[in-house]
Amino acid sequence: MANAELVTGPFVHTRPGAFTRQRLRFGYGMLAPAILYMVVLVGVPFLWSLYLSLSDATVGNSVAQFVGLRNFAAVLADSTVRQALRNTIVFTVIAGIFKAVLGGLLAFLLMQDIRGKKVLRSLLVIPWTLPVAISALAWKWMFDPQFSAINYVATRLHLMSGWPNWLGEPGLAMASVIIVNVWRGFPFAAIVLLAGMSAVPLEILDSAKVDGANFFLRFHYIIVPMIAPILFVGLLFDTVFTLTDISIVFLLTQGGPMNTTEILPTRALEIGIEAGALGRGAAIALLLFPILLPVVYFLLRFLGRREAA
Amino acid sequence: MNTVHTLGPGLPVAQHATRQAHARAARRRLLVYLGLTPFVIIAVFPVFWMAITSFKTDADLVNPAVFPFWFHQPPTLEHFTYLFQHTYYGDWIFNTLTIAVLVSIITLLTAVPAGYALARVALPAAEKLGIGIFCAYLIPPILLFIPLSRIVALTHLIDTKWALVVIYPTFTIPFCTWLLSGFFKTIPAEIEEAAQVDGCGRLAAFVRTVVPVSWAGMLTAVIFAFTLSMQDFLYSLAFVSVSDQKPIPLGVATDLMRGDVYFWGSLMAGALLVGVPVAILYSFFLDQFITGITSAAIK
């Protein structure tokens, strides 16, 4: 841009305001369609959901009354919602830990100098690239109470005795939805980590080595600070995706058995769409907001700091 | 150290050392492959099982006496023909393609100019707007689907594929704007400046010089408009309940049961048919996806 200013330098001198004004008009004009689309279909609905959560709106009743925080009081008094809140946190945290560990291990293995890495990589990312609803169906079939492929393999290998009904038993059902989420997310974690690793310039590592820094020093002072930003963004994205993904639970267990896999998104769908209680549904979905807010806050602060630097 | 001795009797020693190093490297590679094997099996197995299931006869599928991971009766296409003759699968493909094309067009028309403005026009608020758009991608559908369900109901788009055509750009526009702005930053500024010096206006310079060299970026944006749309489940589930209006993933997930019974052969056939192309397409562009979402951190 500095170059453009230089080229049109004399012009700017004669009519400084006109040039800037014209440039700004052009720039905002180019942005307008995208911004407008987002304001109308993201900004407005978001504010509307705040309003809905404070009203008694239902699908049948278009004239909604303002009811203050009554919806929030009602949904928090609902033991299923409280359980959904707990399950959401358990699901996100446990799945996050497994994805980080497996993704880290896989990234470490893929960093090594081996042949056939491209082929291996393209096989390893399948879980992430498959549409999530399709994966959920494939896993539902693998967890089938009668023909479970997992049970078949595990019992033949003597890793397991008996024939558990994965999606039908409370503890196992939660384990199942976590397994599917981890299966889907670990390649993403690994690829993000690899992207982070490759962002570390080898020259810096080499010169540190020459200066006598051992592996741990290099790891601590060079690799970690350089890949931390990427890890951080990857983690935030994964958390948001996991917190708000409905398809795995919806297709695998519908929140059952006995609400042990009910999460806030499935509950919001049941109340807000299936039962038509828009106000309550919006209130349940907004319970996610206090959980999401720190995530987005850290992201913004983090991006702001980098911008300033 | 060995080089000192290479001319003398040390030569065999040096060879011995290299051989040892080679053996060590080979052992290490073997360990890496061994470590990768379970990951690959776990990643691929569900797809393998999906494929086997969709080509097996029903009798073969439910026979508990045989090894399930291979054919004991000849493979069959009956599940696929069933999909096209007795379900709305053909309509779902048509709907999916219609949605993909229209969402791509809307995304390109909005995200290309926006990405360019963010990358090139030196707006005072460009950084802030860019981050704002990035964050819009992080606003999850779950916070929006209830009010959006009212919007599509009030505009009579509910239960039609058009609802999804209108709604999907809410996540493809921010992602593709972000992606394209990164792409435009890599195009040399000289080409549009030359056009401007030659008397083109800014818009004409953009359309005539930048757009023609941006096909790669735009193709990437289109691929993502499609693959990200295919990852959606919530919006289609909440807005479209009429069978012949569904996109493939929703149709397969909600329409292929007869009564309460899952017919796994046709279900997996339907899943395989959409899953494999999307996964292949996406995996080609996965690196751009990762760059897209991490570029905020490494600019």
Side-chain angles (χ1 to χ4, degrees), chain A residues 1 3-4 7 23-24 26-27 30-31 33-34 37-38 41-42 45-46 48-49 52 106 109 112 114 120 122-127 129-134 137-139 141-142 149 152 191-192 195 199 229-230 233 237 240 244 246-247 251 265 268 272-273 278 281-282 285 288 296 303 307, chain B residues 29 32 35-36 39-40 43-44 46-47 49-50 68 109-111 113-114 116-117 121-123 127 131 135-136 138-140 142-144 146-149 151 169-170 173 177 189 193 197 202 230-231 233-234 238 249 253 264 267-268 271 274-275 278-279 282-283 286 290 293-294 296-298:
Chain A
M1 209 50 240
N3 289 340
V7 169
R23 192 192 69 201
L24 290 185
F26 171 73
M30 297 278 273
L31 274 172
Y37 210 105
M38 299 306 289
L41 287 173
V42 177
F46 181 66
W48 196 358
S49 89
L52 281 174
L106 181 57
L109 290 169
Q112 309 303 317
I114 49 163
L120 286 171
S122 60
L123 291 174
L124 285 162
V125 297
I126 286 175
T129 56
L130 218 52
V132 55
I134 298 303
L137 285 172
W139 278 90
W141 172 220
M142 297 209 299
Y152 183 90
I191 302 280
V192 167
I230 293 179
V233 172
F237 265 95
V240 174
T244 61
I246 194 173
S247 34
L251 290 172
I273 301 286
L278 297 169
L288 280 167
V296 176
L303 291 177
E307 194 190 329
Chain B
R29 270 201 298 276
V32 172
L36 284 170
F39 281 104
V40 173
V44 174
V47 181
W49 186 217
M50 214 193 291
L109 285 179
T110 52
Y116 177 77
V121 189
L123 297 169
E127 285 285 354
I131 290 175
C135 285
L138 279 173
I139 297 179
I142 199 75
L143 288 182
L144 303 176
I146 289 176
L148 284 175
S149 76
I151 292 180
T170 57
I173 290 175
T177 300
E193 283 158 17
V197 170
R202 280 178 176 277
M230 285 292 92
Q231 298 288 345
F233 186 69
L234 177 61
W264 288 110
L267 253 159
M268 289 297 107
V274 60
V278 171
Y282 194 177
S283 68
L286 187 65
I290 303 294
I293 65 164
T294 55
I298 47 170

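Every chain is numbered from 1 and lettered A, B, ... according to where its sequence line falls, protein lines coming before strand lines.
- Across B:M230 and B:V274, no two heavy atoms sit closer than the pair SD-CG2, 4.1 Å.
- Heavy atoms closer than 4.5 Å to chain A are found in both the backbone and the side chain of B:Y282.
- Contacts of B:F39 with chain A are made by both backbone and side-chain atoms, with heavy-atom separations under 4.5 Å.
- At a 4.5 Å heavy-atom cutoff, the contact between B:L143 and chain A is made by backbone and side-chain atoms alike.
- Contacts between B:S149 and chain A at a heavy-atom distance below 4.5 Å involve the side chain alone, from C-beta outward.
- Both the backbone and the side chain of B:V40 come within contact range of chain A, with heavy atoms under 4.5 Å apart.
- Contacts of A:L24 with chain B are made by both backbone and side-chain atoms, with heavy-atom separations under 4.5 Å.
- Scanning both residues, A:G272 and A:L278, for their nearest heavy atoms gives O-CD2, 3.7 Å.
- Contact of the A:L124 side chain with the B:L36 side chain is registered, since non-hydrogen atoms from C-beta on lie closer than 4.5 Å.
- Heavy-atom pairs under 4.5 Å with chain B peak, among A:G27, A:A268, A:A282, at A:G27.
- Residues A:L130 and B:V278 have side chains not in contact (no heavy-atom distance under 4.5 Å, counting atoms from C-beta outward).
- Looking at A:W139, only its side chain comes within 4.5 Å of chain B, counting heavy atoms on both sides.
- Note: B:A43 leads B:A117, B:A43, B:P249 in heavy-atom pairs under 4.5 Å with chain A.
- Only the side chain of A:L52 has a heavy atom closer than 4.5 Å to any heavy atom of chain B.
- At a 4.5 Å heavy-atom cutoff, the contact between B:I151 and chain A is made by backbone and side-chain atoms alike.
- Closest approach of B:P147 to A:W48, counting heavy atoms only: O-CZ3, 3.8 Å.
- Proximity to chain B (any heavy atom under 4.5 Å) is restricted, for A:I246, to the side chain, taken from C-beta onward.
- With rounding to the nearest 0.5 angstrom, the CE atom of B:M50 is 12.5 Å from the CH2 atom of A:W141.
- A:Y152 approaches B:P68 most closely through the heavy-atom pair CZ-CD, 3.0 Å.
- Proximity to chain B is limited to the side chain of A:V240, based on heavy atoms less than 4.5 angstrom apart.
- Only the side chain of B:L267 has a heavy atom closer than 4.5 Å to any heavy atom of chain A.
- Considering only heavy atoms from C-beta on, B:I173 stays 4.5 Å or farther from A:P33 through its side chain.
- In this structure, chain B has a heavy atom under 4.5 Å from the side chain of A:M38, while its backbone stays farther away.
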Inset, instruction - Give the intermediate values and the outcome of side chain to side chain contact (heavy atoms under 4.5 Å, CB included) for residues B:S283 and A:V125. - result: CA-CA 7 Å; B:S283 68; A:V125 297; 3.9 Å; yes

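- Smallest separation of non-hydrogen atoms from A:I134 and B:G275: CG2-CA, 4.4 Å.
- For the set B:L123, B:L144, B:T177, the entry with the most heavy-atom pairs within less than 4.5 Å of chain A is B:L123.
- If you measure heavy-atom distances from A:A138 to chain B, the contacts under 4.5 Å come from both the backbone and the side chain.
- Here A:T129 is the residue among A:V192, A:T129, A:L31 with the most heavy-atom pairs under 4.5 Å with chain B.
- Nearest approach of A:I126 to B:V47, heavy atoms of both residues: CG2-CG2, 3.5 Å.
- The ring-ring contact (aromatic ring centres under 6.0 Å, His included) search around A:F46 returns A:F289, not counting sequence neighbours.
- Of the atoms belonging to A:L288, it is side-chain heavy atoms, and not backbone ones, that fall under 4.5 Å from chain B.
- Qualifying ring-ring contact (aromatic ring centres under 6.0 Å, His included) partners for A:F26, counting only residues two or more places apart in sequence or in other chains: none.
- Annotation: maximal heavy-atom pairing with chain A below 4.5 Å, among B:F233, B:Y116, B:W264, occurs at B:W264.
- Both the backbone and the side chain of A:V132 have a heavy atom closer than 4.5 Å to some heavy atom of chain B.
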